[in-house]
2 protein chains.
Amino acid sequence: MFGMSEQGSPPARPTIRDVAREAGVSVTTVSHALNGKGTASEATRQRVLAVADRLAYRAHPMARGLRQGRTGVLGLDMRPLDAIGSYLPEGVDYFMRFAGAAAVTALDHGLGLMLVPDLTRSDIPQYAHGVDGYVVGDPVRNDPVLTRLLDAAIPVVTVGRDPGRPKFTDWVGPDDAYETERVLELLRSRGAENIALLAGTDDNAWNVDSEKAYRSWARRGGMPTRVLHIPEAAGEDGGRDAARRLLRGKQPRPDAIYCQTGRHAAGVLAEARRLGVSVPRDLLIAAGSDAQQTRLAVPGITALDLGPEDSGRAAVELLIARLAGDTTPGPIILPTELRIRASTGDA
Amino acid sequence: MFGMSEQGSPPARPTIRDVAREAGVSVTTVSHALNGKGTASEATRQRVLAVADRLAYRAHPMARGLRQGRTGVLGLDMRPLDAIGSYLPEGVDYFMRFAGAAAVTALDHGLGLMLVPDLTRSDIPQYAHGVDGYVVGDPVRNDPVLTRLLDAAIPVVTVGRDPGRPKFTDWVGPDDAYETERVLELLRSRGAENIALLAGTDDNAWNVDSEKAYRSWARRGGMPTRVLHIPEAAGEDGGRDAARRLLRGKQPRPDAIYCQTGRHAAGVLAEARRLGVSVPRDLLIAAGSDAQQTRLAVPGITALDLGPEDSGRAAVELLIARLAGDTTPGPIILPTELRIRASTGDA
DNA sequence: ACCTTTTACTAAAACGTTTTGTGTTGTATG
DNA sequence: CATACAACACAAAACGTTTTAGTAAAAGGT
């Protein structure tokens with residue numbers, strides 16, 4: 001106490017001790033007054049608040065976090081981040097809307113959201129342990145990040161399920177199978193009889209469940225199936241290549257193509273046009289994920305708007321509920337919007 | 001010491017005390033061994049590392065941050081975040097590339113990046129004080145967030161300068177005046193003799209310096225000037241309205257329009273087409289910011305790629321340098337790329 | 001042999017907050 | 001009058017790590 005060198009000059013940052021000294025009470029009373037705990041009288045409380053305000057006192061989150069064992073910060077595994085440098089705006093659109101909604105939702109609960117670059121690329125960095133829980137998007141089968149976080153006993157909620165963890169139910173997201181059939185039904189109602197699927201190659205539930213639903217739906221409807229697996233990272237080029245094979249190959253030409261990603265769909269559209277295949281007259285196109293490419297294409301491409309804002313919001317809320325001890329079973333299924341555009345023609 | 005209930009069962013999360021106990025040394029020696037400090041012998045160090053690895057020990061960032069007075073986390077003021085819910089992807093593209101590069105750069109230095117929703121909307125939340133410094137983009141004149149951060153003695157670097165703070169030099173970004181003239185020179189070289197400027201309404205340096213440069217450049221070249229101020233949030237609709245006024249008004253019709261934002265430019269293009277004005281034959285269009293809209297437009301719109309990745313990288317690096325005590329004077333001027341597309345015709 | 005420096009280690013303080021445990025006083029009730 | 005409870009406050013411990021301050025022993029120099 002006598003060694004406190006701050007006696008000579010004001011501290012750079014006021015601490016709870018400064019407030020206690022000026023208010024003439026103990027640090028316990030200051031803490032109680034500021035946090036609505038204990039039994040401080042109203043008069044004491046007001047005095048404390050006034051002093052804290054005058055000194056611009058703010059609790060140090062590190063100290064508080066250390067004592068309380070939680071920090072008030074959530075982590076967001078920023079999975080598509082690596083692609084930014086290579087200029088793949090597919091993830092940009094979806095992810096930003098998702099991250100934005102997540103951040104706002106966190107803030108509404110007085111929490112922060114920390115962007116953590118793709119944890120699949122490196123071990124969990126030191127600072128990333130200082131969060132109360134994580135949101136991870138589109139886990140792949142037996143996702144390594146999910147493994148790490150679960151091993152480290154860090155609470156986690158995913159968007160989409162991990163195909164290799166059927167018992168992990170802390171996830172939110174659309175019913176991919178149902179949504180896929182929804183688009184297929186639209187294509188059928190617009191006259192399609194031979195629908196090809198352009199799937200991605202990531203081993204995540206989105207791809208897995210959508211393809212499974214496609215095959216099941218086609219079989220039940222007595223329709224032919226044709227699936228091409230194109231890496232998500234191939235983007236529009238991948239879509240173009242696939243369209244060439246589908247529209248110029250030896251097999252019967254499909255009259256509709258359902259692409260998982262909007263960029264694949266944009267590539268298919270561009271190549272169809274180049275090959276003289278008219279959309280939507282000769283070929284219908286739809287995408288399982290809305291993006292700038294589907295919105296700005298001419299003609300606009302019908303797409304499932306997966307509602308990244310809803311996903312971000314729901315994921316954060318589920319994580320907060322889990323942190324608060326809520327054990328309501330997951331998953332939380334979210335609706336989507338089917339944005340009908342010219343690529344699927346008129347009714 | 002005798003009250004330590006963890007004696008009966010292993011702690012949920014190993015602490016440095018557990019490592020010390022098992023390695024048979026003090027906690028000081030563990031800390032030194034793990035952090036490359038002190039004078040631990042090599043044999044002791046190896047023993048400590050082995051125990052720490054076996055116990056999966058990781059320092060608690062809160063405790064470390066409290067002791068060291070820094071956390072290893074940077075904050076990013078996510079200014080356009082609010083617009084996400086209203087589906088304005090203008091900011092999405094630029095911001096995501098910016099934030100992504102910033103996060104990766106931070107990680108490369110072992111630091112984290114926390115997204116903090118627009119601080120202009122609320123006071124700095126508690127958690128947001130637990131960062132070592134901030135990156136703030138496009139400050140407006142006497143930016144309130146900058147004011148708050150500087151008042152709280154939180155280190156800050158901006159992308160773009162604050163027009164009301166000529167003495168604040170901790171910023172990175174392009175030389176907006178120079179870059180504006182560059183585009184104007186291109187338009188002139190393509191035959192333009194009457195260039196209109198579509199500026200934004202945010203009172204930030206980007207708008208201020210670009211307009212000033214435009215007026216100065218036109219006066220020096222004996223060219224007429226015409227400036228319309230359109231709110232950034234008006235997006236393509238704003239661009240369309242402006243084009244109507246410029247192309248249908250009583251004043252002489254411009255033969256080129258330079259738009260600050262890519263969305264304004266896309267709106268101008270759409271309206272010109274609707275009015276039967278051919279681009280680039282009758283009208284040249286250029287944008288001061290590259291975006292999906294400028295890239296995907298038909299014809300593609302010539303635009304300045306402001307290099308958000310470079311900005312994000314440079315801002316984080318300058319902030320890290322400042323935190324390390326580096327006092328090299330700012331600002332750090334960054335180059336841009338002029339992406340020439342069909343909207344400005346051929347050479 | 002003696003003094004100084006280096007090696008190798010430790011105990012305790014420090015960081016700033018919240019929580020636990022306790023004491024005093026006043027009031028209500030049997 | 002005695003007992004129980006509530007109001008109001010405080011001191012100290014707790015949280016987990018890093019840094020400060022110190023000591024014993026070994027090594028090096030004169």
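Not measured: the values here are computed from a predicted model. Chain letters run A, B, ... following the sequence lines, proteins first, then strands; residues in each count from 1.
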Asks: Could you check whether atom CZ of A:Arg322 has more than 12 heavy atoms from other residues, nucleotides or ligands sitting under 6.0 Å from it?
Replies: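 Enclosed.
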Asks: Students often get this wrong, so: under 4.0 angstrom with heavy atoms, is B:Ser41 touching a base, only sugar-phosphate, or nothing?
Replies: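 Touches sugar-phosphate only.
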Asks: In terms of the nearest nucleotide of DNA chain C, which residue is placed more toward the 5' end: B:Thr29 or A:Leu66?
Replies: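 Upstream on the strand: B:Thr29.
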Asks: Between D:dG16 atom P and A:Met62 atom CE, what is the distance in whole Å?
Replies: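 Computing the A:Met62:CE to D:dG16:P distance gives 15 Å.
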Asks: If I take atom CZ in residue B:Arg17 and atom P in nucleotide D:dT18, what distance separates them, rounded to the nearest angstrom?
Replies: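 Taking CZ of B:Arg17 and P of D:dT18, I get 13 Å after rounding.
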Asks: Nearest to the A:Ser26 side chain among C:dC9, D:dC10, C:dT17, which nucleotide is it?
Replies: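 Of C:dC9, D:dC10, C:dT17, D:dC10 is nearest to the side chain of A:Ser26.
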Asks: Counting distance only, does the side-chain N/O of A:Ser31 pair as donor-acceptor with the main-chain N or O of A:Val27 below 3.5 Å?
Replies: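 The answer is no, because no donor-acceptor pair under 3.5 Å joins these two groups.
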Asks: Under a 3.5 Å distance rule, please check whether A:Asp170 uses its side chain to pair with a backbone N or O of A:Val157 as donor and acceptor.
Replies: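 Side chain of A:Asp170 to backbone of A:Val157, a donor-acceptor pair under 3.5 Å: no, none is there.
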Asks: Counting only side-chain N and O atoms of A:Tyr57, is one of them less than 4.0 Å from OP1 or OP2 of C:dT17?
Replies: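 Yes, within the criterion.
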Asks: Between protein and nucleotides 19-28 of chain D, map the contacts as a letter string: B base, S sugar-phosphate only, - none, heavy atoms under 4.0 Å, written 5' to 3'.
Replies: BB--------
Asks: Could you give the CZ-to-P distance, from A:Arg64 to C:dG16, as a whole number of Å?
Replies: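 About 15 Å, once rounded to whole Å.
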Asks: Round to a whole Å and report the spacing from CD1 of A:Ile16 to P of D:dC10.
Replies: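 About 12 Å, once rounded to whole Å.
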Asks: Mark yes or no for a side-chain to base donor-acceptor pair under 3.5 Å between B:Thr39 and C:dA8, with no hydrogen or angle criteria applied.
Replies: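 Indeed, a donor on one side and an acceptor on the other fall under 3.5 Å apart.
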Asks: Taking the side chain of B:Ala40 as heavy atoms from C-beta outward, which of C:dC9, C:dT17, D:dG16 is closest to it?
Replies: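 Of the options given, the side chain of B:Ala40 lies nearest C:dC9.
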